Number of protein chains: 2
Amino acid sequence: MTTTEHSGSGDISRSLELLWGTGERPSRGPKPGLTLERIVTAAIAVADAEGLAAVSMRRLSAELGTGTMSLYRYVPGKAELLDLMLDQVQSFDPDAHAVDLGWRETLEMVARGAWQLYERHPWLLQVDQARPLLGPNAMAGLEFALRGLDGLGLTDRERIHVIVTVDGFATGVARTHLNSVMAEKRTGVSDAEFWKAHAPVVEKAFAGGRFPMQAALGEDAFTGRGEDVFEFGLGSLLDGIGAFIAARARDTAEK
Amino acid sequence: MTTTEHSGSGDISRSLELLWGTGERPSRGPKPGLTLERIVTAAIAVADAEGLAAVSMRRLSAELGTGTMSLYRYVPGKAELLDLMLDQVQSFDPDAHAVDLGWRETLEMVARGAWQLYERHPWLLQVDQARPLLGPNAMAGLEFALRGLDGLGLTDRERIHVIVTVDGFATGVARTHLNSVMAEKRTGVSDAEFWKAHAPVVEKAFAGGRFPMQAALGEDAFTGRGEDVFEFGLGSLLDGIGAFIAARARDTAEK
DNA sequence: ACTCACTGGGTACACCGTACCCAATTACGA
DNA sequence: TCGTAATTGGGTACGGTGTACCCAGTGAGT
């Protein structure tokens, strides 16, 4: 049993200070035996290996060999820790930003980047990303996307719309896909077994005649891989966005 | 602090029995003073009003005026309760299914239906929907979508891909939108205040010259409403899917 | 040497899901 | 009619959670 942890519940400016590392060491008192980074890294490692539910303050302190309450000397609370985990995990190869790509390649990278990120850290889907604090890594990603959409005649707001749309799509499909993968890992019940359990109830429902479309569906309809759905949807979405961009280009050409 | 609750963690066939209501009352023993439906309804009401985090067995029992452990006479555990909440909340006007719509209208209804569902019950985004148990309402929704995509020359798997894509898109964008709305409600910090807190740190980052695109962004770039992003993205996505369907139609015509 | 900001961390509290009991209730078999 | 078996109601208790509150120990500044 787990719950989507709320990030950003704590003191915002405190979290930002931690994110951007503006804290100076005070001159008095003993030197800290821990670092923020070690705590965040340990938390991510635990989340990757055992899921977000396994990340508790007691568990982390055990992992780091300290007292539980010592962690609160570095992080105001668990919510802020999640903020920090979010930003750290979003760091990616800065070389990828160097190249100037076309809009389609850029958006494909945005979508595939999000997909791979979720694949690597499925627990991200469990974190309430409502208001991800603007960390350095998040800003770098946005900058990359904006540059790829530059010079197409789109307004600022339209560029943001496009980016949020592509990211939302990737997130939504990744959620469906990865939740299923995680469910299997967690419960030990494979997809096949899961659907097998449904068989009796589904057959009874089909017999009622209320679901002719589903009854007529072939066996293989549901066996598609999540990646295929993602690629199909991404292609369609970008085709549609391409049409929008082309229309914009025609508008500006007329003027 | 909250966590995405895992549905489907419990005994699957037990949950299915509850979903499809195949349980007969045993002849002996006292009559139950509660019903499954009352429990599920109360749980949904609490989740709607105060979020998923407020839904605890103790809280529900208080709401219903019973002992906490009595709930376990009706529901195997909290995971199964979530399964039931999921299906109950997905019920919609059966009349909407009566009409036969074109593929675009159908997919628009699927997407808008999902969007409105999340708007009404934002906590749905917190529930792990990896493997939603096939309840009667979920099946009705899928049936509706499949019918709208009938006769277009798509394979079974392609129709499923289209539906998952559209649903994933709606879910992803709704997540971004509603998490922001919920964050405001929960923390009392408005979007404006939230971004204001970022100002000093963002300005310092801009001064570094690493983010020229974001620095050049107009004030209004981020003030767009979530609904606008949704409508923009939905339009583009359906345009793209339309192109795919048209290409398929040409294929079959050639044969 | 004294002071005092600082770090480390133990204890305690309020909450959670739920395993395990036992008492009260009800209908069937004798 | 009277056990008796099945079923419901629910109290208690356990192991988990985040974290408020303290106090002891550290080490640089005066």
Side-chain angles (χ1 to χ4, degrees), chain A residues 1-11 14 23-36 38-39 43 46-47 50-83 85 126-128 186, chain B residues 1-11 14 23-36 38-39 43 46-47 50-83 85 126-128 186:
Chain A
M1 183 91 4
T2 4
T3 339
T4 299
E5 315 266 355
H6 292 310
S7 79
S9 307
D11 188 336
R14 180 93 176 80
E24 299 119 29
R25 274 258 309 117
S27 58
R28 308 242 211 156
K31 263 142 210 161
L34 236 51
T35 62
L36 225 183
R38 274 192 65 204
I39 296 175
V46 171
E50 303 173 42
L52 200 58
V55 179
S56 73
M57 300 308 263
R58 282 170 177 78
R59 170 65 189 274
L60 285 182
S61 65
E63 209 81 23
L64 293 163
T66 69
T68 303
M69 293 317 290
S70 306
L71 300 179
Y72 287 90
R73 296 279 162 204
Y74 301 84
V75 184
K78 204 184 173 185
E80 289 79 6
L81 176 58
L82 287 165
D83 283 336
M85 290 170 70
Q126 239 133 296
V127 180
D128 183 341
R186 198 176 58 238
Chain B
M1 184 91 0
T2 3
T3 340
T4 299
E5 314 266 356
H6 292 311
S7 78
S9 307
D11 187 336
R14 181 91 176 81
E24 300 118 28
R25 274 258 307 119
S27 57
R28 305 241 215 159
K31 263 141 212 162
L34 237 51
T35 63
L36 226 184
R38 274 192 66 203
I39 296 175
V46 170
E50 303 172 43
L52 200 58
V55 178
S56 73
M57 300 309 262
R58 283 170 175 78
R59 170 64 190 275
L60 284 183
S61 66
E63 210 80 22
L64 293 163
T66 68
T68 302
M69 293 316 291
S70 306
L71 299 179
Y72 287 89
R73 297 279 160 203
Y74 300 84
V75 183
K78 204 185 175 185
E80 289 78 6
L81 176 57
L82 286 165
D83 284 336
M85 290 170 70
Q126 240 133 294
V127 180
D128 183 342
R186 198 177 56 239

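Numbered from 1 within each chain, the chains take letters A, B, ... in sequence-line order. Computed from a prediction, not measured in an experiment: that's the story for all the values here. All values below come from the heavy atoms of this structure, side chains included, with hydrogens, waters and symmetry mates left out.
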Looking only at C:dA27, C:dG9, D:dG10, the nucleotide nearest the B:Lys31 side chain is C:dA27
Among C:dG9, D:dT7, C:dG17, the one nearest any side-chain atom of A:Arg73 is C:dG9
Nucleotide [N], atom [atom2] - distance to [atom1] of [X] in whole Å:
X	N	atom1	atom2	answer
B:Leu60	C:dC16	CG	P	10 Å
A:Arg59	D:dG18	CZ	C1'	17 Å
B:Leu71	D:dG10	CG	P	9 Å
B:Tyr72	C:dC20	OH	P	13 Å
B:Met69	C:dA19	CE	P	7 Å
B:Ile39	D:dG9	CD1	C1'	12 Å
B:Met57	D:dG11	CE	C1'	16 Å

Of B:Leu52, B:Val75, B:Val55, the one forming a side-chain contact (heavy atoms from CB on, under 4.5 Å) with B:Leu82 is B:Leu52
Quick check on [N]: is either OP1 or OP2 less than 4.0 Å from any side-chain nitrogen or oxygen of [X]?
X	N	value
B:Lys78	C:dC16	no
A:Tyr74	C:dG8	yes
B:Ser70	D:dT8	no

In short, A:Arg38 meets A:Gly33 closest at the heavy-atom pair NH1-O, 4.1 Å
- Under 4.0 Å between any heavy atoms, over every strand shown, what does B:Thr66 touch: base, sugar-phosphate, or nothing? Just pick one. sugar-phosphate
Are the side chains of B:Leu71 and B:Leu64 in touch, meaning some heavy atoms are under 4.5 Å apart? yes
inquiry  = Please determine whether any donor N or O and acceptor N or O are separated by less than 3.5 Å between the side chain of A:Arg58 and the base of D:dT19.
reply    = yes
So OG1 of A:Thr68 and CE of A:Met57: to nearest 0.5 Å the spacing works out to 8.5 Å
CE of B:Met69 to CZ of B:Arg58, rounded to nearest 0.5 Å, is 9.0 Å
